[in-house]
Amino acid sequence: MTAQAAPSSRALAFTAVTKRYPKGTLAVDNVTWSIATGARACLLGPNGAGKTTCIRLLEGALEPTSGTVELLGSRVADEGYLDARRRTGIVPQGPGMYTDITVSEYLALAARLYARGNVDRVVEVFDLGDHRQKVLSRLSGGYQRRVVLAAALLSEPEVLLLDEPTVGLDPIAAHDVHEFLREAMHDRTTLLCTHNLAEAEALCDDVVILRDGKVLVHSSLADLRQRSKPRLMLAARQGAERLLQAMQDLVPDARAMPEDGTVAVTVDDPEVEAPGLLRRLLAQGLDVYRCQPVRPTLEDLFIQLVNEET
């Protein structure tokens, strides 16, 4: 499925946006950020950071207290917004469906709402042929997500808004949804809101991190990695506890990684520092069998950035 190009260089834009809920909760605090046409961006942040509020503002489900929200060049609630909304596919955090109708009825309803779409085509793409006459409530979580994705892509949208698209799915169903998303996100502007940092790293190139309703970081993932020092992952026959003890005498920030029995240490230049570290460990009688430079994951970068601002 190939999307059309949006005329504006900014597909999504927040300008000095504040959203305060009726009981006084400040969800978004004077934020300004935008996503370029064709970009694949993830929206990250701790619970209560304002992520879902931003998605709902883009959907037109909420109005900002102040500032402007734009979708495909149209301000939300202005005359041109309905057309922009019809050029946008949305996958909500919840199933977002009428559970007492069939797959065919649900997709036909989506086609009427978007005023276009080939139901037979999305049924084939998402392998829903054997499920067309099933009531949505009787589908597994993975197949419900397929139906929601099919509805979101039915109109060949230019923009995708994805709010926790794999939440609650088992690993196999989540893997299937990721495969569909990789294809769907090709040549489309995408904003992925997720707590799953591995998912964000696999699917996106740009990162927007919110905290307490403010923009903490807005950057490409590549630029973020350049700001973070590389790590060495080491393992020894004597085990992680003995290796950590030896390394803490040499490099104070060494820390054990319980998930794989290794010890990690941050370095400025792995090629320069690794040989000397290995010589000193071997001199202490440690049988080091692994010394591997690794790049920081998005989870590493996220934790580092959030902790820096604490």
Side-chain angles (χ1 to χ4, degrees), residues 3-93 152 157-164 185 187-195 200 203-224 227 301-302 305-306 308-309:
Q4 302 172 6
S8 171
S9 61
R10 300 191 314 172
L12 316 172
F14 287 68
T15 304
V17 173
T18 293
K19 176 59 184 178
R20 188 180 292 276
Y21 286 102
K23 292 186 178 181
T25 300
L26 183 62
V28 177
D29 186 6
N30 192 34
V31 299
T32 296
W33 57 277
S34 62
I35 302 299
T37 299
R40 296 186 298 270
C42 54
L43 185 61
L44 308 176
N47 289 333
K51 304 184 299 298
T52 295
T53 296
C54 287
I55 294 291
R56 296 187 70 195
L57 287 166
L58 285 165
E59 294 172 349
L62 294 175
E63 293 184 3
T65 304
S66 61
T68 59
V69 179
E70 295 180 26
L71 177 64
L72 290 170
S74 295
R75 290 188 180 186
V76 174
D78 280 2
E79 183 178 349
Y81 176 71
L82 179 58
D83 176 66
R85 179 63 179 78
R86 283 177 170 158
R87 292 152 59 199
T88 302
I90 296 176
V91 176
Q93 184 177 123
E158 298 167 38
V159 173
L160 280 176
L161 301 180
L162 309 172
D163 192 3
E164 299 284 358
M185 291 168 65
D187 289 338
R188 277 192 176 89
T189 305
T190 303
L191 182 62
L192 168 64
C193 178
T194 183
H195 281 99
L203 295 172
C204 299
D205 302 312
D206 298 320
V207 180
V208 179
I209 300 178
L210 302 179
R211 180 170 180 180
D212 297 329
K214 294 181 177 292
V215 177
L216 183 63
V217 173
H218 186 187
S219 173
S220 71
L221 185 52
D223 286 344
L224 273 185
R227 291 166 51 182
L301 298 169
F302 176 81
L305 289 164
V306 171
E308 283 176 355
E309 297 297 322

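None of these values were measured; they are calculated from a predicted model.
The two residues Arg188 and Pro157 make their nearest non-hydrogen contact at NE-O, 2.6 Å. Across all non-hydrogen atoms, the minimal contact from Leu72 to Ala84 is CD1-O, 3.7 Å. Nearest heavy-atom pair across Tyr81 and Gly60 is OH-N, 3.2 Å. When all heavy atoms of Glu70 and Arg75 are compared, the closest pair comes out as CG-CG, 4.0 Å. Of all heavy-atom pairs between Gly50 and Val28, the closest is O-CG2, 4.1 Å. Closest heavy-atom contact between Pro64 and Val69: CG-CG2, 4.3 Å.
Between the side chain of His218 and the backbone N or O of Ile35, no donor-acceptor pair lies under 3.5 Å. Remark: side-chain polar atoms of Thr32 are paired, donor with acceptor, to backbone N or O of Ala16 under 3.5 angstrom. The main-chain N or O of Pro46 is found under 3.5 Å from a side-chain atom of Lys51 such that the two form a donor-acceptor pair. For Arg20 (side chain) and Thr65 (main-chain N/O), no donor-acceptor pair under 3.5 Å exists by modelled atom type. Remark: the backbone N or O of Glu63 is paired with a side-chain donor or acceptor of Lys19 at under 3.5 angstrom. Judged by distance alone, with hydrogens and angles left aside, the side-chain atoms of Glu158 form no donor-acceptor pair with the main-chain N or O of Thr189 at under 3.5 Å.
When side chains are defined from C-beta on, Phe14 counts as touching Leu57, because their heavy atoms get closer than 4.5 Å. Contact of the Val31 side chain with the Val17 side chain is registered, since non-hydrogen atoms from C-beta on lie closer than 4.5 Å. Cys54 places a side-chain heavy atom less than 4.5 Å from the side chain of Leu43. No side-chain heavy atom of Ser74 sits less than 4.5 Å from a side-chain heavy atom of Arg85. With contacts defined as side-chain heavy-atom distances shorter than 4.5 Å, the pair Val207/Leu44 qualifies. Taking the side chain as every heavy atom from C-beta outward, Glu59 and Thr88 never approach each other to under 4.5 Å. Side-chain contact check for Leu26 versus Thr18: some heavy-atom pair is nearer than 4.5 Å. Residues Leu221 and Leu301 form a side-chain contact, since some pair of their non-hydrogen atoms from C-beta on lies under 4.5 Å apart.
The distance from the CG atom of Leu216 to the CZ atom of Phe302 is 8.5 Å, given to the nearest 0.5 Å. From Leu192, atom CG reaches atom SG of Cys204 across 4.5 Å, with rounding to the nearest 0.5 Å. Here the straight-line distance linking atom OG of Ser66 with atom CG of Asn30 works out to 7.0 Å at 0.5 Å rounding. Atom-to-atom distance recorded for Leu191:CG and Ile55:CD1 is 4.5 Å, nearest 0.5 angstrom. For the atom pair CG (Leu71) and CG (Leu12), the distance works out to 6.0 Å, reported to the nearest 0.5 Å. Put simply, CG on Asp206 and OG on Ser219 are 7.5 Å apart, with the number rounded to the nearest 0.5 Å.
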